[in-house]
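In this chain, residues are counted from 1 in sequence order.
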Amino acid sequence: MTAILAGAPHTRHGRAPLTPATRTMPALLACSHGTSSPAGQRAVAGLVQAVADRRPDVPVAGSFVDVQQPDVPTSLTGLGRGAVRIVPLLLSAGYHVHVDLTEAAATNPDTRVMRALGPDPRLVRQLQHRLTEAGLAAGDAVVLAAAGSSDAGAVAHCEQTGEMLAAALRRDVITGFISAAGPSLGDAVATARAGLRARPDGAGRVVVATYLLAPGYFADLAVGCGADVVTPPLLVDGEVPPVELVDLVLDRYLAC
């Protein structure tokens with residue numbers, strides 16, 4: 001195992017860590033937002049570890065743009081010389097990708113910032129899986145809960161994910177934002193509930209599909225949005241990270 005979590009190299013099963021002198025593949029620096037939620041921290045760390053386990057030939061490190069340490073510059077220093085590919089563990093490319101990660105990468109000509117995780121059909125399939133687990137019924141109204149951003153492109157990517165989910169479910173999906181963009185999640189839930197009440201039978205529930213990577217403050221806000229059912233985020237503490245999410249991180253790393 002050659003993961004470097006929280007900026008410190010570690011090994012298991014007697015395998016020596018890869019170093020800039022011995023590695024042949026660029027390092028993978030998985031950068032998430034960061035959270036004060038212990039459950040969220042464990043869930044994200046589990047994904048980073050699963051990526052490292054899948055590719056023992058690649059040095060893998062975890063870093064954060066906010067809340068947690070190490071930050072990206074510290075992690076880049078810890079990886080030493082050699083090529084590094086920063087994979088944002090973010091569902092859309094907003095300020096953190098365009099500014100924070102780009103500025104950090106600019107200090108090293110061998111460092112590249114790869115695409116954010118979304119939009120991607122694999123994320124949509126995981127959203128569908130969570131909805132199925134929640135018992136989504138034919139008459140339910142679906143709302144996609146996204147974090148939100150002041151970046152118009154990031155908002156558009158979330159809306160695109162909502163459209164992809166609607167196509168996969170073959171029903172309307174309203175996208176609502178927890179912060180920084182509209183409609184707000186609360187307004188989206190209210191719109192969905194008004195639509196249910198307008199039906200002749202007035203039946204059905206409002207079910208929120210949580211489009212967040214892991215537990216944390218925003219996931220807690222989603223739970224309190226007034227919907228009848230709110231799904232867990234894509235990663236859940238104590239669950240094995242979905243194989244498709246591991247594949248997605250590695251695909252972003254390998255993209256040229």
Side-chain angles (χ1 to χ4, degrees), residues 32-33 35 37-47 50 89-92 116-149 154-155 157-179 181 183-196 203-249:
S32 60
H33 181 274
T35 177
S37 163
Q41 293 173 7
R42 289 189 295 266
V44 173
L47 175 61
L89 300 186
L90 303 168
L91 299 181
S92 58
L117 299 184
D120 192 274
R122 287 164 286 195
L123 297 175
V124 173
R125 286 194 288 270
Q126 187 61 22
L127 289 168
Q128 285 183 271
H129 173 67
R130 292 294 185 208
L131 288 168
T132 298
E133 287 181 326
L136 181 68
D140 293 338
V142 177
V143 174
L144 182 73
S149 174
V155 171
H157 284 163
C158 294
E159 292 171 341
Q160 182 181 346
T161 298
E163 293 167 0
M164 293 166 66
L165 181 60
L169 296 174
R170 298 183 180 180
R171 69 174 81 190
D172 292 338
V173 171
I174 302 172
T175 299
F177 297 92
I178 298 170
S179 175
S184 71
L185 179 56
D187 286 347
V189 168
T191 298
R193 195 171 299 284
L196 292 175
R205 303 170 301 167
V206 176
V207 180
V208 165
T210 301
Y211 188 47
L212 300 171
L213 186 65
Y217 178 67
F218 274 18
D220 291 342
L221 291 178
V223 170
C225 71
D228 298 299
V229 178
V230 178
T231 69
L234 301 175
L235 296 173
V236 173
D237 182 29
E239 291 186 5
V240 175
V243 171
E244 285 199 314
L245 290 189
V246 178
D247 292 341
L248 179 55
V249 174

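Annotation: the span from T191 atom OG1 to L196 atom CG amounts to 11.0 Å, rounded to 0.5 Å. Once rounded to the nearest 0.5 Å, the distance linking CG of L165 with OG1 of T175 reads 8.0 Å. Atom CD of E163 is separated from atom SG of C158 by 11.5 Å, given to the nearest 0.5 angstrom. Rounded to the nearest 0.5 angstrom, S92 OG and Q160 CD are separated by 11.0 Å. Interatomic distance, M164 CE to Q128 CD, rounded to the nearest 0.5 Å: 10.0 Å.
Between A181 and S149, the shortest heavy-atom contact is CB-O, 3.8 Å. The heavy-atom pair separating A222 from I178 by the smallest distance is CB-CD1, 4.2 Å.
A search for ring-ring contact (aromatic ring centres under 6.0 Å, His included) contacts involving H33 returns H96, not counting sequence neighbours. Partners of S184 according to the side-chain hydrogen bond (donor to acceptor under 3.5 Å, both in side chains) rule, which considers only residues two or more places apart in sequence or in another chain, are D187. Not counting sequence neighbours, the partners of R122 by the side-chain hydrogen bond (donor to acceptor under 3.5 Å, both in side chains) test are D120, D251. Evaluation of the side-chain hydrogen bond (donor to acceptor under 3.5 Å, both in side chains) rule for D172 yields no partner, not counting sequence neighbours.
Between L136 and R171, the closest side-chain pair of non-hydrogen atoms falls below 4.5 Å. The closest side-chain heavy-atom distance from T35 to V44 is not below 4.5 Å. Annotation: side chain of L144 is not in contact with side chain of I174 (no heavy-atom distance under 4.5 Å). S37 places none of its side-chain heavy atoms less than 4.5 Å from the side chain of Y217.
No donor-acceptor pair under 3.5 Å is formed between the side chain of D140 and the backbone N or O of V206.
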Task: Check against side chain to side chain donor-acceptor pair (under 3.5 Å), Y211 and T161 - done: CA-CA 9 Å; Y211 188 47; T161 298; 3.3 Å; yes
Open item on the list: One pair to check against side chain to side chain contact (heavy atoms under 4.5 Å, CB included): V155 and F177. What are the steps and the verdict?
Closed with: CA-CA 9 Å; V155 171; F177 297 92; 3.7 Å; yes
- [ ] List the steps, then state whether side chain to side chain contact (heavy atoms under 4.5 Å, CB included) holds for V143 with V173.
- [x] CA-CA 5 Å; V143 174; V173 171; over 6 Å; no
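Applying the salt bridge (Lys or Arg N to Asp or Glu O under 4.0 Å) test to pairs two or more places apart or on separate chains, none has a residue in residues 207-224.
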Side-chain atoms of residues 229-249: list all donor-acceptor pairs with protein atoms under 3.5 Å, sequence neighbours left out, distances to 0.1 Å.
| residue | atom | partner | partner atom | Å |
| --- | --- | --- | --- | --- |
| T231 | OG1 | V208 | O | 3.4 |
| T231 | OG1 | T210 | N | 3.0 |
| D237 | OD1 | R42 | NE | 3.2 |
| D237 | OD2 | R42 | NE | 3.0 |
| D237 | OD2 | R42 | NH2 | 2.7 |
| E239 | OE1 | R130 | NH1 | 3.3 |
| E239 | OE1 | R130 | NH2 | 3.2 |
| E244 | OE1 | R125 | NE | 3.2 |
| E244 | OE2 | R125 | NE | 3.0 |
| E244 | OE2 | R125 | NH2 | 2.8 |
| D247 | OD1 | R54 | NH1 | 2.7 |
| D247 | OD1 | R54 | NH2 | 3.2 |

